[in-house]
Amino acid sequence: MSSNTPSFALHVAAKGSSIDTLQLDCQSQSKPTIAAHEVLVQVVAAAVNPSDVKATLGIMPHAVFPRTPGRDFAGLVVDGPEALKGLSVWGSGGDIGITRNGSHARYLVLPIAAVKQVPKGISMEEAGAVGVPFVTACEGYSRAGGVKAGQTVVVLGANGKVGQAAVQIAARAGAKVIAVQRQDQLEGFACAPVEVINSTHTEPTARIMELTQGKGANLVFNTVDKVYWEVGHAIMAKGATQIFIIATKGQTVAFDVFKFYRGMHNFVGIDTLALDCVRSCELLDELRPGFEDGTLKPFPVAAADMIGLPHAMEAYKEVLAGAKNRMVLKP
């Protein structure tokens with residue numbers, strides 16, 4: 001970037017009561033100075049996540065104001081240790097854009113340990129859109145003891161971004177993957193065959209038990225909590241684990257303690273806001289081999305979904321409304 005090119009950052013002074021009243025200001029940004037343990041990243045691409053938007057609306061309890069939002073990024077190291085200068089890096093974090101200034105800006109200051117090299121073979125725009133969904137899926141499996149070849153994994157809400165990432169990671173591990181969603185075709189990529197159950201016309205519980213010869217699933221990744229709660233609970237095999245994500249506020253569900261006890265079940269809750277930028281980057285780096293050998297694929301980013309910072313509100317509104325495509329800001 002030329003030194004004469006203006007730099008901007010989004011700025012939110014206070015939470016908005018709604019997306020229509022949110023004051024999302026695009027302000028000039030001076031090049032920050034960094035401390036000895038930090039790097040300065042010139043952001044090339046930064047995804048807009050639902051949590052980014054909801055945090056500006058005060059729905060995420062940890063969000064502080066004023067700040068620059070944005071959790072995911074890919075960019076170039078322009079200041080820091082000599083060995084890192086000029087390196088293409090990516091990252092994410094539950095603190096970035098929530099409790100510290102985020103990636104919806106030209107410049108981003110982070111700890112050195114919070115950046116890793118972008119995988120070979122994927123674009124900066126794709127790298128900037130990997131973040132939160134893949135970090136969530138990776139952390140879920142990690143907390144559940146890992147996903148292994150030969151296991152049966154059921155992903156509930158498989159057509160969402162976290163669901164797509166969960167399917168990809170399980171398929172790469174060699175698990176038998178069953179995707180439950182409200183459409184016939186698998187959304188996204190998988191490096192191995194995936195059984196798809198369209199829950200709008202097929203009752204998932206009976207079909208899953210049929211596919212598993214009555215044994216049930218070893219791992220259940222529930223990306224939509226209450227919607228598939230009864231299904232998820234019913235299809236757990238003996239000693240199985242169910243992983244949950246809840247985007248904002250949890251809902252009360254009926255819990256069968258006896259079934260939990262007799263089934264020797266485990267339940268794992270994943271809150272990526274609790275994962276700082278260093279831990280999130282470690283998880284992304286664990287996925288690097290998959291992205292480099294093609295057994296994992298980043299979300300496609302269309303040219304029409306790459307938006308400049310001055311028009312960021314367009315992307316924020318689309319994401320809050322449930323945009324199917326991955327929206328990426330280009331500072």
Side-chain angles (χ1 to χ4, degrees), residues 1 5-29 41-60 63 65-75 90-98 100-108 118 122-136 159-165 187-188 247-248 272-273 280 298-331:
M1 182 185 72
T5 303
S7 298
F8 298 100
L10 298 186
H11 180 80
V12 180
K15 67 181 180 180
S17 58
S18 72
I19 192 68
D20 294 321
T21 62
L22 175 66
Q23 296 297 308
L24 189 63
D25 297 323
C26 188
Q27 300 182 349
S28 296
Q29 183 187 35
V41 176
Q42 179 182 309
V43 179
V44 173
V48 181
N49 293 287
S51 58
D52 296 325
V53 184
K54 291 174 182 177
T56 65
L57 301 179
I59 298 173
M60 300 303 181
F65 299 90
R67 64 185 164 78
T68 294
R71 298 175 65 184
D72 300 340
F73 69 91
W90 66 342
S92 183
D95 51 349
I96 303 175
I98 303 295
R100 62 189 299 154
N101 283 331
S103 61
H104 294 173
R106 168 60 66 178
Y107 293 113
L108 176 63
V118 169
I122 71 173
S123 71
M124 294 291 273
E125 290 76 19
E126 290 170 333
V130 166
V132 170
F134 274 91
V135 166
T136 304
N159 54 316
K161 292 298 182 286
V162 175
Q164 291 179 45
E187 190 83 21
T248 50
T272 56
L273 291 179
S280 296
F299 302 112
V301 180
D305 298 325
M306 301 179 196
I307 297 174
L309 283 182
H311 305 288
M313 183 59 83
E314 297 173 17
Y316 273 51
K317 287 182 176 180
E318 286 197 42
V319 169
L320 188 63
K324 183 178 179 180
N325 295 342
R326 204 77 164 113
M327 309 295 295
V328 172
L329 298 182
K330 297 281 291 177

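Values below: every heavy atom of this structure, side chains too, minus hydrogens, waters and symmetry copies.
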Heavy-atom pair of closest approach, residues [X] and [Y]:
{"X": "Val118", "Y": "Ala127", "answer": "CG1-CB, 3.8 Å"}
{"X": "Pro298", "Y": "Val130", "answer": "CB-CG2, 3.8 Å"}
{"X": "Phe299", "Y": "Ala129", "answer": "CD1-O, 3.4 Å"}
{"X": "Pro69", "Y": "Tyr316", "answer": "CG-OH, 3.1 Å"}
{"X": "Val135", "Y": "Ser92", "answer": "CG2-CB, 4.4 Å"}
{"X": "Ala13", "Y": "Phe65", "answer": "O-CB, 3.4 Å"}

Any side-chain to backbone donor/acceptor pair from [X] onto [Y]? Under 3.5 Å, distance only.
{"X": "Gln42", "Y": "Tyr107", "answer": "no"}
{"X": "Gln29", "Y": "Arg106", "answer": "yes"}
{"X": "Ser103", "Y": "Gly70", "answer": "yes"}
{"X": "Arg67", "Y": "Gly97", "answer": "yes"}

Residue set satisfying ring-ring contact (aromatic ring centres under 6.0 Å, His included) with Phe73, at least two apart, ordered chain then number -> none
Measuring only between side-chain heavy atoms, which start at C-beta, is [X] closer than 4.5 Å to [Y]?
{"X": "Ile96", "Y": "Leu108", "answer": "yes"}
{"X": "Pro133", "Y": "Asn49", "answer": "yes"}
{"X": "Leu320", "Y": "Lys54", "answer": "yes"}
{"X": "Pro66", "Y": "His11", "answer": "yes"}

Atom pair [atom1] ([X]) and [atom2] ([Y]), whose distance is rounded to the nearest 0.5 Å:
{"X": "Leu10", "Y": "Leu24", "atom1": "CG", "atom2": "CG", "value": "4.5 Å"}
{"X": "Met124", "Y": "Lys330", "atom1": "CE", "atom2": "NZ", "value": "8.0 Å"}
{"X": "Lys15", "Y": "Ile59", "atom1": "NZ", "atom2": "CD1", "value": "9.5 Å"}
{"X": "Lys317", "Y": "Asp20", "atom1": "NZ", "atom2": "CG", "value": "5.0 Å"}
{"X": "Trp90", "Y": "Asp72", "atom1": "CH2", "atom2": "CG", "value": "10.0 Å"}
{"X": "Glu314", "Y": "Met327", "atom1": "CD", "atom2": "CE", "value": "8.0 Å"}

Those residues at least two apart in sequence (or on a different chain) that pass side chain to side chain donor-acceptor pair (under 3.5 Å) with Asn101 are none
Practice item. State plainly whether the residues Arg326 and Glu126 are in salt-bridge range, i.e. N to O under 4.0 Å. Key: no
Are His104 and Val48 close enough, and set up right, to give a side-chain contact (heavy atoms from CB on, under 4.5 Å), and what steps lead you there?
CA-CA 8 Å; His104 294 173; Val48 181; 4.0 Å; yes
**Request:** For the residue pair Thr272 and Arg71, confirm or rule out a side-chain donor-acceptor distance under 3.5 Å.
**Result:** yes
